[in-house]
Amino acid sequence: MNTTTLTNKETATQTDFLPLQGTDYVEFYVGNAKQAAHFYKTAFGFQSLAYAGPETGMKDKVSYVIRQNKLTFVLTTPLKTDNPIADHIYKHGDGVKVLALKVEDAQKAFDETTKRGADAYLEPTKLKDDQGEVVLSGIHTYGDTVHIFVERKNYKGVFMPGFRAWKSNYNPTSTGLLYVDHCVGNVGWNQMNPRVKFYEEVMGFRNILSFDDKDISTEYSALMSKVMSNGNGYVKFPINEPAEGKKKSQVEEYLDFYNGEGVQHIAVATEDIVATVTELQNRGIEFLNIPASYYETVLDRVGKIDEDLEPLQRLGVLIDRDEEGYLLQIFSKPVEDRPTLFFEIIQRKGARSFGKGNFKALFEALEREQDARGNL
Ligand code: FE2
């Protein structure tokens, strides 16, 4: 018996050829990083952390790094038109370029993934300053989105070489956002399974949950989704593709406006969703409206919960339960003018799933928004 257990453990260790320590940062390419940083600080409660630009030797772009607990965002803008970042913004609008993953060995992460077929984005590169060194490497994933592997075990500075500490007189309080729970990618028709295969074969992820168009459909529109998780479960990437319905899938609307595949939403964890969402709404973040009828039957479906229902209903927080516990979640409206990237706020109370019981209410709420834009 012991031998069997040991063998299983050994197998698990051997097969995780890409051990990930979690999300290192998310980088957004935006039209105006200075203002975007101000928005994320003000509305979401991030703090200034680091800055890179012409003053630090980076001549062609500026990046502002902001942090809240374990959540690190990088906001980057090109300084001139003749720059691939400008092309990215022209094509996609503001959006996520990099889902950076923390690793022990960035060279090894690059070698293991490229030998399994990943397209190289960044050859292993060592960056040094008087605080030590950071090694970066990167590969392409869906659309123009990339993964950068970040090895920072030998670095003591605020972010990475090339950046300086960014001190600000403006330091809004935290809203209680803790870390990235999962990041969802929208891919094109018939592209979900090839992308699932990529995460399995090239990055050693597992498909932990699948939803077909019967799980995720309303009267009008549908999508399919598969959730990919790395070996230790720290990194989870659900992949959505549109499905045929009477009207246009929300994933299709995204693909039209993002002009290709990309990150649909970033789910961020909190330990107190009522406090977090109250604060976010007070600071101007808009969330999808959930009809009162949802709350008339939700407790029959999910059973007893620790929270009072009244604040959850007032805020529009959704509730779902699986075998392991329950979760509370809410979805923002898109945070840019194109109907593309949005945020999910999630509080897990045992549940490790993704709110399947809420899909119908959620997608009907999304459709109302889509319809108001004339895109349903
Ligand atoms: Fe989600």
Would you call [X] and [Y] a salt bridge, using N to O less than 4.0 angstrom?
X      : Y      : result
Lys153 : Asp105 : no
Asp371 : Lys247 : no
Arg373 : Glu253 : yes
Glu364 : Lys360 : yes
Lys349 : Glu307 : yes
Arg206 : Glu200 : no
Arg352 : Asp322 : no

Can you tell if the side chain of Lys97 reaches within under 4.5 Å of the side chain of Phe28, non-hydrogen atoms only?
no
Could you tell me if the side chain of Leu177 sits less than 4.5 Å from the side chain of Thr276, heavy atoms only?
yes
Cation-pi between [X] and [Y]: NZ/CZ under 6.0 Å from ring centre and within 45° of the ring axis?
X      : Y      : value
Lys41  : Trp166 : yes
Arg116 : Phe17  : yes
Arg67  : Phe159 : no
Arg152 : Tyr25  : no

Mind checking the CD-OG1 spacing from Glu261 to Thr141? Nearest 0.5 Å is all I need.
8.5 Å
Got a second to check how far Glu367's CD is from Leu288's CG, nearest 0.5 Å?
11.5 Å
Shared hydrophobic cluster for Val65 and Met160 (ILVMFWY, side-chain gaps under 4.5 Å)
yes
Return yes if a side-chain donor-acceptor contact under 3.5 Å exists between Tyr155 and Glu151, otherwise no.
no
For ring-ring contact (aromatic ring centres under 6.0 Å, His included), just list the numbers for His265 and Phe343, CA-CA rounded to whole Å, side-chain angles, deciding distance to a tenth of an Å, and then say yes or no.
CA-CA 5 Å; His265 75 264; Phe343 286 88; 9.1 Å; no
